[in-house]
Amino acid sequence: QVQLVESGGGSVKAGGSLTLSCAASGYTYSYSMGWFRQGPGKEREGVAAIGRSGHFTYADSVKGRFSISKDAARGTLALQMNSLVPEDTAMYYCAAGGQWSPTLLRADFTYWGQGTQVTVSS
């Protein structure tokens, strides 16, 4: 059974940075992994993902500001977030799935963490 635990959330001012981490247990070495977020009153959306191929993809809203990385040996996934804006405020979730190519579709991910809150103030 795969378990995902996020950490690193917090409150920052606009323009600041945060790094989220996801600790994965279970056999996640060959899984695709991604970060999703859900803001107040909004649908959960994909932010960044790494496919089993090793390729990655980003939502247009975070390109150039966020960077996803995976350490398969340690079973960790990170999301470096720079130049944060209030619109980035959301609960951020780590997810794992089986897709070869990177994808930001919720349906492509099977396992989910409990989330970590990110709040960006203006």
S.K.: Specify the closest pair of heavy atoms between Ser32 and Gly51, including all atoms of both residues, with the distance to one decimal.
M.R.: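 Closest heavy-atom pair between Ser32 and Gly51: CB-CA, 3.9 Å.
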
S.K.: Kindly work out whether a path of hydrophobic side-chain contacts (I/L/V/M/F/W/Y, heavy atoms less than 4.5 Å apart) joins Met33 to Trp112.
M.R.: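 Per the 4.5 Å side-chain linkage, Met33 and Trp112 are not co-clustered.
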
S.K.: Can a donor-acceptor pair be found, under 3.5 Å and without considering hydrogens, that links the side chain of Glu6 to the backbone of Cys94?
M.R.: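 Yes, the answer is positive, given that a donor and an acceptor are paired below the 3.5 Å cut-off.
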
S.K.: Tell me every residue that passes side-chain contact (heavy atoms from CB on, under 4.5 Å) with Thr76, counting only those two or more places apart in sequence or in another chain.
M.R.: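 Scan of Thr76 (side-chain contact (heavy atoms from CB on, under 4.5 Å), adjacent residues dropped) gives Asp71, Arg74.
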
S.K.: Testing Val120, Thr119, Val118 for side chain to side chain contact (heavy atoms under 4.5 Å, CB included) with Ser11, which one passes?
M.R.: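 Option passing the side chain to side chain contact (heavy atoms under 4.5 Å, CB included) with Ser11: Thr119.
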
S.K.: Considering non-hydrogen atoms only, spot the tightest contact between Ala14 and Ser122 and give its length.
M.R.: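 Heavy atoms of Ala14 and Ser122 come nearest at CB-CA, 4.3 Å.
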
S.K.: Can you pull out every salt bridge (Lys or Arg N to Asp or Glu O under 4.0 Å) where at least one residue sits in residues 106-122? Sequence neighbours excluded, please.
M.R.: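 Sorted result for residues 106-122: empty, none.
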
S.K.: Hey, is CD on Glu45 packed in by over 12 heavy atoms from elsewhere, all under 6.0 Å?
M.R.: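 Yes, enclosed.
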
S.K.: How about Tyr58 and Ser67: do any of their side-chain heavy atoms sit closer than 4.5 Å?
M.R.: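 Side-chain contact under 4.5 Å: yes.
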
S.K.: Same hydrophobic cluster for Trp35 and Phe109, using side-chain heavy-atom links shorter than 4.5 Å among ILVMFWY?
M.R.: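 Each belongs to a different hydrophobic cluster.
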
S.K.: Just verifying a value: how many Å separate Gln117 CD and Leu20 CG, rounded to the nearest 0.5 Å?
M.R.: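 Between Gln117 CD and Leu20 CG, I get 10.5 Å after rounding to 0.5 Å.
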
S.K.: Considering only heavy atoms from C-beta outward, does the side chain of Ser69 approach that of Phe56 to under 4.5 Å?
M.R.: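 Not touching, per the 4.5 Å side-chain cut-off.
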
S.K.: Filter on salt bridge (Lys or Arg N to Asp or Glu O under 4.0 Å), then keep only pairs touching residues 113-122, sequence neighbours left out; what's left?
M.R.: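 Listed once each, the pairs would be none.
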
S.K.: If you compare all heavy atoms of Pro102 against all heavy atoms of Ala49, which two are closest, and at what distance to 0.1 Å?
M.R.: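 Reported closest heavy-atom pair: CB-O, 3.8 Å.
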
S.K.: Return the set of residues passing ring-ring contact (aromatic ring centres under 6.0 Å, His included) with Phe66 (not counting sequence neighbours), or none when no residue passes.
M.R.: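 Counting only residues at least two positions away or on another chain, Phe66 forms no ring-ring contact (aromatic ring centres under 6.0 Å, His included).
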
S.K.: Ser101: what forms a side-chain hydrogen bond (donor to acceptor under 3.5 Å, both in side chains) with it, not counting sequence neighbours?
M.R.: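 Checked Ser101 against side-chain hydrogen bond (donor to acceptor under 3.5 Å, both in side chains); zero matches.
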
S.K.: Please tell me whether Met91 and Leu104 are part of a single hydrophobic cluster in this structure, the criterion being side-chain heavy atoms less than 4.5 Å apart.
M.R.: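 Different hydrophobic clusters.
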
S.K.: Give every residue pair that meets the side chain to side chain donor-acceptor pair (under 3.5 Å) criterion with at least one member in residues 86-95, sequence neighbours excluded.
M.R.: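 Found Arg37-Asp88, Arg37-Tyr92, Arg65-Asp88.
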
S.K.: Group every Ile, Leu, Val, Met, Phe, Trp and Tyr by side-chain heavy-atom contacts under 4.5 Å, then state whether Val12 and Leu79 land in the same group.
M.R.: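 Looking at the clustering, Leu79 is in the same group as Val12.
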
S.K.: Hydrophobic cluster membership, with links at side-chain heavy-atom distances under 4.5 Å among I/L/V/M/F/W/Y: are Ile50 and Val47 in one?
M.R.: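 Yes, Ile50 connects to Val47 through the hydrophobic network.
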
S.K.: Check whether any side-chain heavy atom of Gln99 lies under 4.5 Å from a side-chain heavy atom of Leu105, and answer yes or no.
M.R.: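 They are not in contact (no side-chain heavy atoms under 4.5 Å apart), so the answer is no.
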
S.K.: If you measure from CD on Gln80 to CD1 on Ile68, what distance do you get to the nearest 0.5 Å?
M.R.: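 So the gap between those two atoms works out to 12.5 Å.
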
